[in-house]
Amino acid sequence: MSGPVISPREAEVLALLGEHLSNAEIAARLVLSVRTVESHVSSLLRKLRLPDRRALARHAAELARAEQSRSAPALPAPLTAFIGRVRERGELAEAVQAHRLVTVVGPGGVGKTRLALAVAADVTGDFSDGVWFVDLVPVTEPGRVGAAVAAALGVGEQPGLGIDDAVLAALADRRALVVLDNCEHVRDGVAPFVERLLAACPRSRVLVTSRARLMVPFERVLPAPPLSRAGGDESEAVALFMDRAAAVGRPPGPAVSEEVVAICERLGGMALAIELAAARWSTLGLDGLTTGLSDQLRILTGGPRADDRHRSVRAVLDWSHDLLEPSDQALLRRVSVFVAPFTAEAAAEVAGFAPLDPAAVVDGLGRLAEQSLLAVAPSETGTRYHALETIRQYGMERLGDAGELTGVRSRHLGWCSAGAATLMGARGADWRARFDAVAEDMRAALTGAADRPEQHADAYRLALSMAELAFARNLLGEAQQRFEQAARLADAAAGATALRHAAAVAGCRSVDGDSFRLYRAAAAAARRAGDTAGAGRDLAAAATVAYRFSSSFTRVPHVDEVTAILAEARELSGDDPAAEAAVALAEAAVVADAFGAVRGDPDNTAQETVERAEHAVELARRVGDPVAESAALDALSGAQSWAGDAFAAAAAARRRIDILASAPPTPAGTHELMDALAMAAGTAVGLGELPQARRWGRQLADHPLLAEASHHATSWLLVAEAFAGDVAEVLTGSVRFLGAWEQSGRLRSRSLGPAAASVAMIHGLRGDHDARAAWLAIVDQAGPSADHRLGYGAVFDAMVMLHHGDAKSALERVAPEPDQVWKWVCWVWLHWYAALRAEAAVLAGHPDARDRIDAARTMVAGNPVASAQVDRAEALLDGDLPRQLAAAAAFDAAGCRYQAARTLVLAGGEHAAAGEAALAGLGLTPTAVR
């Protein structure tokens with residue numbers, strides 16, 4: 001029986017109901033009348049036989065969830081049929097449904113991957129959030145298992161969060177199956193990663209293929225045995241041979257079935273061995289295959305854990321290898337150094353030396369591909385070749401046996417270094433694809449070279465290039481890792497430079513505890529190199545980070561620790577200008593609390609703070625370092641805000657953007673620019689310059705390094721849009737914000753609390769008190785509690801209270817004089833706080849209302865929104881209707897449509913209806929009049 005017919009327009013309405021929009025909001029989004037939307041809602045209730053609007057919203061959410069599951073990436077599609085394995089397939093499917101972690105173990109070439117893929121396809125319907133396949137073959141470092149899973153899931157890095165944690169956050173509440181294929185070479189990384197994943201993601205399951213089990217207590221192990229030979233010519237092994245032999249153009253007839261049975265038995269039922277043998281059927285015949293196998297079997301050389309089944313795989317590989325011409329044998333072993341698909345040009349450069357002619361490498365690759373020893377695949381960057389992992393590892397062993405391992409690895413390292421140099425100077429639409437195509441080989445080359453002291457210099461250069469490339473690719477976690485790796489491979493002086501870059505990348509990631517650690521490590525390296533001034537500069541930077549970004553530290557360093565670091569920085573800096581500038585900035589941060597960490601000397605005056613910051617700016621300007629000058633200007637901006645000069649604070653913040661325009665896109669410069677954009681947006685909000693705040697906020701939201709961190713990217717844009725009353729934009733942006741914040745592991749930062757509070761305010765203005773309560777709970781987790789309780793929380797709460805006519809509660813919420821809560825309101829929130837105190841006093845009938853108006857007017861002069869609010873308060877107090885209407889026009893001119901509409905409502909009479917209509921058009925409930 002077919003379901004109800006839902007029209008395209010009804011489907012659009014249903015989807016918006018799933019976003020919990022009101023009829024008026026849906027009408028505005030779809031450019032319909034509210035009456036038409038009501039008609040569609042009634043039709044949907046009837047067609048879907050649902051009782052109410054809430055049930056429709058739940059139904060829409062379920063549809064969206066199902067669509068998300070359907071859009072998950074498909075499993076790899078094998079190019080050949082899956083043969084046999086009926087019993088194992090059923091047992092594995094049952095195990096996956098019954099256990100959280102199932103490991104399929106068996107020797108290389110037995111068919112573990114094909115079995116896992118078949119079962120994953122069988123159970124897809126049991127995992128509503130998708131089945132994800134992760135090939136770990138290219139991964140050469142155990143620590144990068146999480147990064148490979150993240151790439152398969154499409155999960156990017158988050159500020160303040162490692163890539164492993166980003167994966168856990170993405171899968172936290174999802175019913176998903178993660179298939180980790182070919183884990184044996186990175187078991188030390190797979191086991192702890194899987195343990196963390198299963199603990200953090202209770203609805204997810206993991207299916208592993210490996211040559212050895214992971215050795216964890218919660219693991220369910222299923223052996224993948226060789227193909228059954230029971231049943232003679234009806235066996236699974238024979239069926240596989242017949243199928244693959246037919247594929248090469250000469251299917252064996254029934255008369256040779258006994259010989260096929262014998263070959264399959266000799267091969268031990270190993271799937272890879274059977275497939276390789278079947279591929280030779282058309283040229284060698286059964287007698288040739290039989291002869292080749294009879295004398296070529298050799299025992300697998302491995303550790304004591306290797307079992308008999310490995311011998312059959314090695315026998316076939318040895319036999320297949322020995323059938324090659326010497327030049328092709330050399331090519332096979334040499335190209336095995338590539339861990340990712342490679343081009344003929346790359347093969348010629350790495351493998352094309354005596355006895356190989358580089359010009360003949362292409363022909364040799366073709367012969368190896370014809371003999372199933374290499375796979376061939378087209379790509380955007382040309383035809384690429386790839387050896388199956390079993391064959392690649394076999395080739396590496398042969399490379400060692402031939403005495404060529406060190407030489408070929410060196411040539412591979414040189415090829416990777418040249419590729420990195422080419423990428424460093426290139427850009428373009430295909431740059432990411434080109435980097436991704438060679439990145440795994442670069443990582444493998446680094447792993448090999450880092451263990452050989454004679455190649456440390458080359459490894460250092462490649463690690464440094466990889467760090468810069470990873471940063472350009474927005475792989476910030478790896479960029480930091482590679483800079484740290486480069487530091488370990490370098491001499492002390494170069495190591496100090498690499499650690500400074502690593503510290504800056506950590507800052508871009510908002511992992512400021514790492515930044516603090518790395519600047520201290522850079523100082524230690526600089527001292528070893530005899531660069532005492534550089535060490536002083538690094539220690540000053542560490543002290544500054546501890547106070548400048550204290551809200552994002554997991555553990556804030558103790559005041560005594562930071563003070564001691566600053567004292568050491570002073571001692572080491574001497575008269576070096578750059579070090580003196582860094583120390584001056586650290587003193588402004590630590591001694592005068594210019595960044596508002598609320599940890600400095602409580603007796604220091606605002607003027608002292610400003611003077612210290614100005615001194616730091618002047619010293620940085622003399623040095624000619626735009627990054628240092630930007631950081632000092634950030635301190636000056638904070639200091640001027642503490643002094644109550646919001647306009648000077650905003651000017652200093654904007655100067656940073658102009659100064660950084662000429663700075664190269666280094667990690668430090670990029671970190672400064674992102675912070676400068678945030679501060680410019682925030683200070684513009686503080687001045688009531690909402691269009692400018694949205695412009696800076698949009699630039700921040702569109703910054704490529706924040707593409708996977710929407711909570712940081714959109715924070716100030718949400719605040720500006722909320723003050724303006726752009727309800728639809730806030731509701732849409734809040735979904736992006738919340739998803740990214742939850743995916744980040746719900747990190748706490750000073751910039752995130754105001755964003756969440758602004759969303760809560762919009763829900764409050766809409767009259768959705770349940771949603772407001774939910775977002776206020778998020779505020780408590782997203783930012784420091786004192787900031788909300790004493791600062792922006794008072795502003796947002798008072799606006800909601802006044803909107804609903806509760807002037808008395810609003811008056812209590814902003815009862816303290818600004819200087820009683822100075823550190824929390826004097827930056828962005830001072831003008832809003834003062835104007836709200838004046839308006840609340842008027843609407844609540846407070847006897848000091850006139851005095852509050854006069855005090856606020858002086859404080860907010862020059863702020864178009866706050867000034868209009870003070871004018872409106874005085875006009876209400878005086879009953880001056882023309883001035884109220886003038887205030888409405890001022891609000892509208894300042895881009896604050898919400899306050900313009902509310903002013904009309906407060907004006908009463910014929911103006912109230914226009915104001916209520918304007919509020920409804922914004923998606924807000926009517927405001928209560930006094």
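Judged purely by atom type and a 3.5 angstrom limit, Thr544 has no side-chain atom pairing as donor or acceptor with the backbone of Ala589. Put simply, the side chain of Ser715 never gets that close to the backbone of Leu752: no donor and acceptor are under 3.5 Å apart. Trp716 places no side-chain N or O within 3.5 Å of a backbone atom of Met679 that could act as its donor or acceptor partner. A donor-acceptor pair under 3.5 Å links the side-chain atoms of Thr925 to the main chain of Leu765, judged by distance alone. In this structure, Asp768 contributes its side chain and Ala771 its backbone to a donor-acceptor pair below 3.5 Å. Listed for the Gln820 side chain is a donor-acceptor partner under 3.5 Å among the backbone atoms of Glu817. The main-chain N or O of Leu687 is found under 3.5 Å from a side-chain atom of Asn863 such that the two form a donor-acceptor pair. In this structure a side-chain-to-backbone donor-acceptor pair under 3.5 Å is missing from His911 to Val905. The closest donor-acceptor contact from the side chain of Ser641 to the backbone of Gly638 lies under 3.5 Å. Looking only at distances, no side-chain donor or acceptor of Asp878 sits under 3.5 Å from a matching main-chain atom of Asp880.
When side chains are defined from C-beta on, Phe595 counts as touching Leu585, because their heavy atoms get closer than 4.5 Å.
Counting only residues at least two apart or in different chains, ring pair (Phe, Tyr, Trp, His ring centres under 6.0 Å) contacts with residues 859-902 comprise His803-Tyr898.
With salt bridges taken as basic N to acidic carboxylate O contacts below 4.0 Å, none links Arg852 and Glu839.
Annotation: the span from Glu721 atom CD to Thr714 atom OG1 amounts to 9.0 Å, rounded to 0.5 Å. One finds the CZ atom of Arg655 at 10.5 Å from the OG atom of Ser637 (value rounded to the nearest 0.5 Å). From Trp775, atom CH2 reaches atom OG of Ser758 across 8.0 Å, with rounding to the nearest 0.5 Å. Between the OG atom in Ser809 and the NE2 atom in His804 there is a gap of 12.0 Å [rounded to 0.5 Å]. If you take CD on Gln869 and SG on Cys896, they are separated by 8.0 Å, rounding to the nearest 0.5 Å. Summarising the geometry, atom CG belonging to Leu830 is positioned 5.0 Å from atom CE belonging to Met859; distances are rounded to the nearest 0.5 Å.
The aromatic rings of Phe647 and His831 sit tilted, their planes meeting at an angle between 30° and 60°.
The salt bridge (Lys or Arg N to Asp or Glu O under 4.0 Å) test applied to Arg656 returns Asp634, Glu672, Asp675, not counting sequence neighbours.
Applying side chain to side chain donor-acceptor pair (under 3.5 Å) to Asp797 and the options His788, Arg789, Arg813 leaves one that passes, Arg813. A side-chain contact (heavy atoms from CB on, under 4.5 Å) with Leu660 holds for exactly one of Thr670, Leu673, Leu633; it is Leu673.
Side-chain contact check for Arg872 and Gln899: at least one donor-acceptor pair (N or O, by modelled atom type) lies under 3.5 Å.
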Using distance only, find each side-chain donor-acceptor pair of residues 693-702 under 3.5 Å and give its atom names and separation, not counting sequence neighbours.
unit_1 : atom_1 : unit_2 : atom_2 : d
Arg694 : NH1    : Asp726 : OD2    : 2.3
Arg694 : NH2    : Asp726 : OD2    : 3.1

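Centroid-to-centroid, the aromatic rings of Phe723 and Trp832 come within less than 6.0 Å.
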